[in-house]
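Heads up, the thing below is written out as structure tokens.
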Amino acid sequence: MSPNNFDAGEMPEFDIQIITSGGHRIPAHSTVLSSASLVLESILVRPQKKRSSEKTIRILGVPCDAVSVFVQFLSSFQCTEEQMKKHGIHLLALSHVYLVPQLKQRCTKGLADQLTIENAVDMLQLARLCDAPDLYLKCLKLISTNFKKTEKTEGWKFILDHDPKLELEILQFMDEADSRKKRTRRHRREQNLYLQLSEAMDCIEHICTEGCTSVGPCGEEPCTKKLPCSKFKTCQGVQLLIRHFATCKRRVNGGCLRCKRMWQLLRLHSSICDQPDECRVPLCRQFKEKVQRKGDDGVWKSLVEKVVSARALSSLSLPKRKREEEPKMNLQHHQVRSFLTTQCH
């Protein structure tokens, strides 16, 4: 039965004594203790070894004040910030030993708020002993982020001498965290490239359909009075490639890298375009027919899927103004050049 089920006038008399270190005694209700902790309930139902009318439970190895706060929590399920600040470490140990999940959750949060570089290693040891995974992870993250400073603490010096297993756990976490960061950075770079290629596809369609400042639709002269489009930084790079592609003499023999990039962009457009019969982008239908005859390799299919996916996610997750503020594509940038060279062959 929960203590909350008793009215103020119905609370029974204290019927048990909690004996703490130093012989201090704290009066308590056995009903309250049993309802709040399965471990204490198990202790209370055991027959006493010594015949005595007085019931007692010994909670030793913890300061008397901390035990007092623990017993108070079992009655009220409340703990002040000051009490947590003063007795949080001992309360976490008590909540773990006596299986009081509400207090354990409260301690985990309270001790996490008290984390510093100086106490992080000690808190980590406590979290591991008391099976508090949230606190354990917060400690690891703080240590990993501030490892140079952590190495100078007494806690770190202690585990170097006495706990090589915990030292290994910390170093492994740091190594895995570094690997995760590298994977995340690589993924972001790749996603940015896919977004840039998607924007280049929009620019190719725009140039070949409406024209822009220096290149008009196929068979038409550009409008000299035309204002730059909203994606002009990318569009200007595409226009420069198109003008070079139209006049380059080396592309016939495959000796021009800029022409190869333009060829790859046209091929990518054709792979994405779903209206080849009406499309005004040069070579769109020819690329489609070639794919129908010979098929595409796996690497190219993967590239097309990622560009399409990046375009869809961008259009769904970002407002129009934000999309226009996204980093623009520089078709001369070394990352774009190397990406096209490695992915598009």
Side-chain angles (χ1 to χ4, degrees), residues 190-248 251 256-292 296 300-333 335-337 339-341 343-344:
E190 291 176 354
Q191 288 303 308
N192 189 44
L193 286 170
Y194 298 139
L195 286 171
Q196 290 177 347
L197 288 171
S198 173
E199 187 167 290
M201 298 300 99
D202 293 337
C203 291
I204 288 176
E205 294 177 17
H206 153 67
I207 292 168
C208 295
T209 303
E210 304 167 357
C212 203
T213 54
S214 61
V215 178
C218 185
E220 299 179 22
E221 292 295 325
C223 178
T224 56
K225 296 182 180 181
K226 197 173 185 66
L227 295 175
C229 63
S230 61
K231 300 177 180 179
F232 186 66
K233 288 185 178 179
T234 300
C235 196
Q236 187 179 35
V238 175
Q239 290 181 76
L240 290 173
L241 271 182
I242 291 175
R243 294 181 65 183
H244 171 84
F245 186 77
T247 58
C248 181
R251 69 183 172 91
C256 178
L257 293 178
R258 293 180 67 188
C259 289
K260 285 183 179 180
R261 287 197 295 276
M262 187 66 231
W263 196 267
Q264 290 157 353
L265 289 175
L266 291 172
R267 180 187 173 190
L268 183 58
H269 159 80
S270 175
S271 299
I272 294 173
C273 181
D274 57 359
Q275 295 180 326
D277 294 333
E278 301 174 9
C279 183
R280 300 188 65 182
V281 176
L283 304 177
C284 181
R285 179 185 289 183
Q286 288 88 331
F287 276 119
K288 288 280 189 185
E289 293 173 351
K290 183 178 179 181
V291 170
Q292 290 176 355
D296 265 337
W300 183 264
K301 287 181 180 178
S302 176
L303 171 64
V304 172
E305 289 174 0
K306 289 173 181 176
V307 172
V308 171
S309 176
R311 171 182 282 190
L313 289 174
S314 176
S315 64
L316 289 173
S317 62
L318 296 175
K320 182 178 180 181
R321 180 178 297 178
K322 181 66 177 176
R323 287 201 303 270
E324 292 177 357
E325 292 173 355
E326 284 294 297
K328 304 302 181 181
M329 181 179 189
N330 178 1
L331 292 173
Q332 307 306 317
H333 194 278
Q335 283 188 328
V336 177
R337 293 201 305 267
F339 183 81
L340 285 170
T341 301
Q343 297 290 324
C344 302

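Sequential numbering from 1 along the given sequence is applied to the chain's residues.
- Across every non-hydrogen atom of Arg280 and Thr209, the tightest pair is NH1-O, 3.7 Å.
- Thr234 OG1 to Leu197 CG: the interatomic distance, rounded to the nearest 0.5 Å, is 10.5 Å.
- Of all heavy-atom pairs spanning Leu240 and Arg258, the tightest one is O-NH2, 3.9 Å.
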Cys212 and Phe232: side chain to side chain contact (heavy atoms under 4.5 Å, CB included), yes or no, with the steps?
CA-CA 9 Å; Cys212 203; Phe232 186 66; 4.3 Å; yes
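- Cys208 contributes atom SG, which lies 7.5 Å from atom NE2 of His269 (distance to the nearest 0.5 angstrom).
- Remark: Ile242 CD1 to Cys235 SG distance equals 8.0 Å, nearest 0.5 Å.
- Between Met262 and Ile204, the shortest heavy-atom distance links the atoms CE-CD1, 4.2 Å.
- For the residue pair Leu265 and Ala200, the shortest heavy atom distance occurs at CD2-CB, 4.4 Å.
- Contact detail for Val281 and Glu205: the closest heavy-atom pair is CG2-CA, 4.2 Å.
- The structure places CD of Glu199 at 8.0 Å from CD of Gln196, a figure rounded to the nearest 0.5 Å.
- Evaluation of the side chain to side chain contact (heavy atoms under 4.5 Å, CB included) rule for Val291 yields Asp296 as partners, not counting sequence neighbours.
- Residues satisfying the side chain to side chain contact (heavy atoms under 4.5 Å, CB included) criterion with Glu305, sequence neighbours excluded, are absent altogether.
- In this structure, Phe245 and Trp263 have tilted ring planes: the angle between them lies in the 30° to 60° band.
- Between the CG atom of Leu193 and the CG atom of Leu303 there is a distance of 10.0 Å, given to the nearest 0.5 Å.
- Residues satisfying the salt bridge (charged side-chain N to carboxylate O under 4.0 Å, His left out) criterion with Arg285, sequence neighbours excluded, are Asp277.
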Determine, step by step, whether Ser270 and Lys290 satisfy the side chain to side chain contact (heavy atoms under 4.5 Å, CB included) criterion, reporting the C-alpha distance in whole Å, the side-chain angles of both residues, the deciding distance to 0.1 Å, and the verdict.
CA-CA 11 Å; Ser270 175; Lys290 183 178 179 181; over 6 Å; no
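- Here Glu278 contributes atom CD and Cys284 contributes atom SG; the two are 11.0 Å apart, rounded to the nearest 0.5 Å.
- Residues meeting the side-chain hydrogen bond (donor to acceptor under 3.5 Å, both in side chains) test with Ser271, sequence neighbours left out: Trp300.
- In this structure, the side chain of Thr247 engages the main chain of Arg243 through a donor-acceptor pair within 3.5 Å.
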